[in-house]
Amino acid sequence: MTQQIPTLQWQGDIEGVLVLLDQKLLPAKTELIVCNDVDQVWIAIQELSVRGAPAIGIAAAYAVCLGAQVALDTELQPMQQRVGQVCDYLAESRPTAVNLTWALARMRQVADQATDCGPRELAQALLSEAQAIHAEDAEMCKSIGRHGADLLAEFPVGAGVLTHCNAGALATGGQGTALSVIFELAERGKQPRVWVDETRPLLQGARLTTWELMQREIECTLICDSAAAHVMAAGQIQAVITGADRIAVNGDAANKIGTYGVALLARSHGIPFYIAAPTSTFDMAIATGNEIPIEQRSGQEVVQGFGSTTAPAGVAVYNPAFDVTPAELITGIITERGIVATPTRDRIEALVGRNE
Ligand SMILES: CSC[C@H]1O[C@H](OP(=O)(O)O)[C@H](O)[C@@H]1O
């Protein structure tokens, strides 16, 4: 069974709207946000109503189409200027997921290369590009699932897989990255037993990953982030698979805070640690993970999350939303083009291409 309500959907023509499934409210409520303008999408990205590296990029691409709507009755050049302004604005919504700036660069290129056309023709070209980014991501998700399931083909039926945060359909334009592998394993009758880190502070694992797995009737067990070592030591985990938000040329990968710790635990327990990500998540312009900008979020998410106060008023809080797992802790990166085993710069450039 697939997710009943799309994570994000463009409705209409160049004067249409972007409809988002509000992930802040899941699983308690299934509510939609109808976005008519760029600001609404900017806020939705910043507040994680829409989240996950590929989904952020796709939402931003559609937001450019919303931004173009105010310039439909001008000329080509004002429309091109509008697109540039909107791309600059959206790029500021969240810093870590490279898919955001990758998608905006594609939209900006469409505008910059436009000649001999009117604003409405450019608006149509922008919508076609956003829809292409969305459709390509859906195909990449399926391909990641196939490559990942092929990689784990020898795993026994009922093998334990641990995942951290949410890298499912809710984080992408398709069926997910890490969860796509799990969905494909289930499709092939491997009956994966999924262990889900709750993933503090915003609980993407507890709220979203379990929701997706239970919708598909895949066995899952929710654990506190601090229980992962214990579960590994008990021999319950045969592989770890997570998503990623930005991967440097050398294979260092940024993902939700806590991923680095899970990778260290996996290494110490002799468990393979895989990252599943499309090639659009590779930042070929940065050499190592040290250059990946790490989003710092409000301390309120830690001490006031989900309605309960969990610390004394005024306590200092440090709330990085991501951390970086060094390439040497990554057994392989599962992409839509295949697997980068023991990721190195040469192997990544061979698969992704060199940054010219
Ligand atoms: C398929 S990318 C999913 C990736 O994005 C999440 O971050 P956030 O929920 O803050 O957008 C997390 O790092 C996931 O692994």
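Counting starts at 1 for both ligands and their atoms, in listed order.
When only non-hydrogen protein atoms are considered, atom 12 (C) of ligand 1 lies nearest to Cys165 SG, 3.3 Å. Scanning the protein for heavy atoms near atom 3 (C) of ligand 1, the closest one is Asn166 O, 3.4 Å. Looking at atom 6 (C) of ligand 1, its nearest protein heavy atom turns out to be Arg51 NH2, 3.7 Å.
Listed by first and then second residue, the side-chain hydrogen bond (donor to acceptor under 3.5 Å, both in side chains) pairs involving residues 51-65 are Gln23-Arg51, Arg51-Asn166, Tyr62-His134 (not counting sequence neighbours).
Note: an N/O pair closer than 3.5 Å links Arg94 and ligand 1 by distance alone. Inclusion of His164 in the set of residues having an N or O under 3.5 Å from an N or O of ligand 1 is not warranted. The N/O atoms of Gln204, backbone and side chain alike, include one that comes under 3.5 Å of an N/O atom in ligand 1.
Atom numbering of ligand 1 starts at 1 in the shown order; those under 4.0 Å from a heavy atom of Ala244 are 2 (S). Proximity to Ala53 (heavy-atom distance under 4.0 Å) selects the following atoms of ligand 1: 2 (S), 5 (O). Remark: ligand 1 atoms within the under-4.0 Å shell around heavy atoms of Ala171 are 1 (C), 3 (C). Close contacts between ligand 1 and Asn255 involve ligand atoms 4 (C), 12 (C), 13 (O), 14 (C), 15 (O) [criterion: under 4.0 Å to a heavy atom]. Those atoms of ligand 1 that come under 4.0 Å of a heavy atom in Gly52, given as number and element, are 3 (C), 5 (O), 11 (O).
The two atoms that bring Ser298 and Asn319 nearest to each other are O-ND2, 2.9 Å, heavy atoms only. Across Val196 and Leu222, no two heavy atoms sit closer than the pair O-CD1, 3.4 Å.
Of the charged side-chain nitrogens involved, none lies within less than 4.0 Å of a carboxylate oxygen, so that Arg146 and Glu184 do not count as a salt-bridged pair.
Under the salt bridge (Lys or Arg N to Asp or Glu O under 4.0 Å) criterion, Glu328 pairs with no residue at all, not counting sequence neighbours.
In this structure, Leu202 falls outside the shell of residues with a heavy atom less than 4.0 angstrom from ligand 1. Remark: distances from the non-hydrogen atoms of Ala277 to ligand 1 are all 4.0 Å or more. Distances from ligand 1 to the non-hydrogen atoms of Leu48 include at least one value under 4.0 Å. Heavy-atom separations between Pro54 and ligand 1 include at least one value shorter than 4.0 Å. Residue contact annotation: Asp245 has a non-hydrogen atom under 4.0 Å from ligand 1.
Residues Met284 and Arg345 have side chains not in contact (no heavy-atom distance under 4.5 Å, counting atoms from C-beta outward). Between Val302 and Arg200, the closest side-chain pair of non-hydrogen atoms falls below 4.5 Å.
Connection of Val352 to Ile247 is established within a shared hydrophobic cluster, with ILVMFWY side chains joined at heavy-atom distances below 4.5 Å, either directly or through further cluster members.
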### Task
Show your working on salt bridge (charged side-chain N to carboxylate O under 4.0 Å, His left out) between Asp283 and Arg246 and close with a plain yes or no.
CA-CA 6 Å; Asp283 184 349; Arg246 192 186 297 237; 2.7 Å; yes

### Task
Start with the C-alpha gap between Asn99 and Ser280, add the side-chain angles, then the distance that decides, and say whether side-chain hydrogen bond (donor to acceptor under 3.5 Å, both in side chains) holds.
CA-CA 6 Å; Asn99 307 65; Ser280 54; 3.2 Å; yes

